[in-house]
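Let me begin by presenting the structure, written as structure tokens, before commenting on it.
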Amino acid sequence: MPSEKELLQKELKAINWKEVDEYPSFADCDKLEDKTQRKQCFFEYLTQLIQEKLQVDTLSVLYPELDTIEVKVTVFPDSRMQFEPQFPKDSVAYDTIKIDSILHVKLVDFPKVNPAIKQGIPVKTQFILPVIIKVE
């Protein structure tokens, strides 16, 4: 079973980072000089925040068999973030609308995110984060 870190690494490789000059970032990560470390910091921090927000919750209770949820994250140029759960096409096992609404309710009040920058202009970025819901 791949670890969360491996999953994350695989997802991050799938994103075409060449399209942006600066990745999205949180203020806490901006202190890091190294671009790669900053990117890593952003994703680890965001994943952790999402996990914490979902942990207290109903997701693992309602869906005990759901251990990882893939969340498509959109960071808009105006710093807004949008979260959409990704499900297999044939996923009848989950009430996708319900999970979606739980995400909408829970995934709020994040620290300010700085959008990705391309040639000095804030741009929209999208990526998939594998979020582990079940923590033993």
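Computed from a predicted model, the values in this text were never measured in an experiment. Numbering starts at 1 and runs along the sequence shown.
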Over 12 non-hydrogen atoms of neighbours within 6.0 angstrom of NZ in Lys98 | no

Residues in side chain to side chain donor-acceptor pair (under 3.5 Å) with Gln48, at least two apart?
-> Glu52

Report whether Leu103 and Leu49 are members of the same hydrophobic cluster (ILVMFWY, side-chain heavy atoms less than 4.5 Å apart, transitive linking).
-> yes

Pro130 to Thr47 - nearest heavy-atom pair and separation = O-CG2, 4.0 Å

Over all heavy atoms of both residues, which pair between Lys53 and Val108 is shortest? Give the atoms and the distance, please.
-> NZ-O, 2.8 Å

Please identify each residue that fulfils salt bridge (charged side-chain N to carboxylate O under 4.0 Å, His left out) with Asp34, with sequence neighbours left out.
-> none

N/O donor-acceptor pairs under 3.5 Å from side chains in residues 25-33, not counting sequence neighbours:
residue : atom : partner : partner atom : Å
Ser25   : OG   : Asp30   : OD1          : 2.5
Asp30   : OD2  : Asn114  : ND2          : 2.8

For Asp109, what residues pass the side chain to side chain donor-acceptor pair (under 3.5 Å) criterion, not counting sequence neighbours?
-> none

Under 3.5 Å donor-acceptor, Lys35 side chain and Asp21 backbone = yes

Smallest separation among heavy atoms of Asp100 and Glu84, with atom names = OD1-CA, 4.4 Å

For Val20 and Ala116, the nearest pair of non-hydrogen atoms, with its separation, is CG1-CB, 4.0 Å

Should Phe42 and Ile117 be counted in the same cluster of Ile, Leu, Val, Met, Phe, Trp and Tyr side chains packed under 4.5 Å apart?
-> no

Could you tell me the separation between the CG atom of Leu46 and the CG atom of Leu107, rounded to the nearest 0.5 Å?
-> 9.0 Å

Are Met81 and Leu129 connected, step by step, through hydrophobic side chains (Ile, Leu, Val, Met, Phe, Trp, Tyr) whose heavy atoms are closer than 4.5 Å?
-> yes

Minimum heavy-atom separation for Pro77 to Val123, with atom names?
-> CG-C, 3.8 Å

Who pairs with Ser79 by side chain to side chain donor-acceptor pair (under 3.5 Å), at least two apart in sequence or on another chain?
-> Lys112

Got a sec, which residues hit ring-ring contact (aromatic ring centres under 6.0 Å, His included) with Phe110, two or more places apart in sequence or on another chain?
-> Phe83

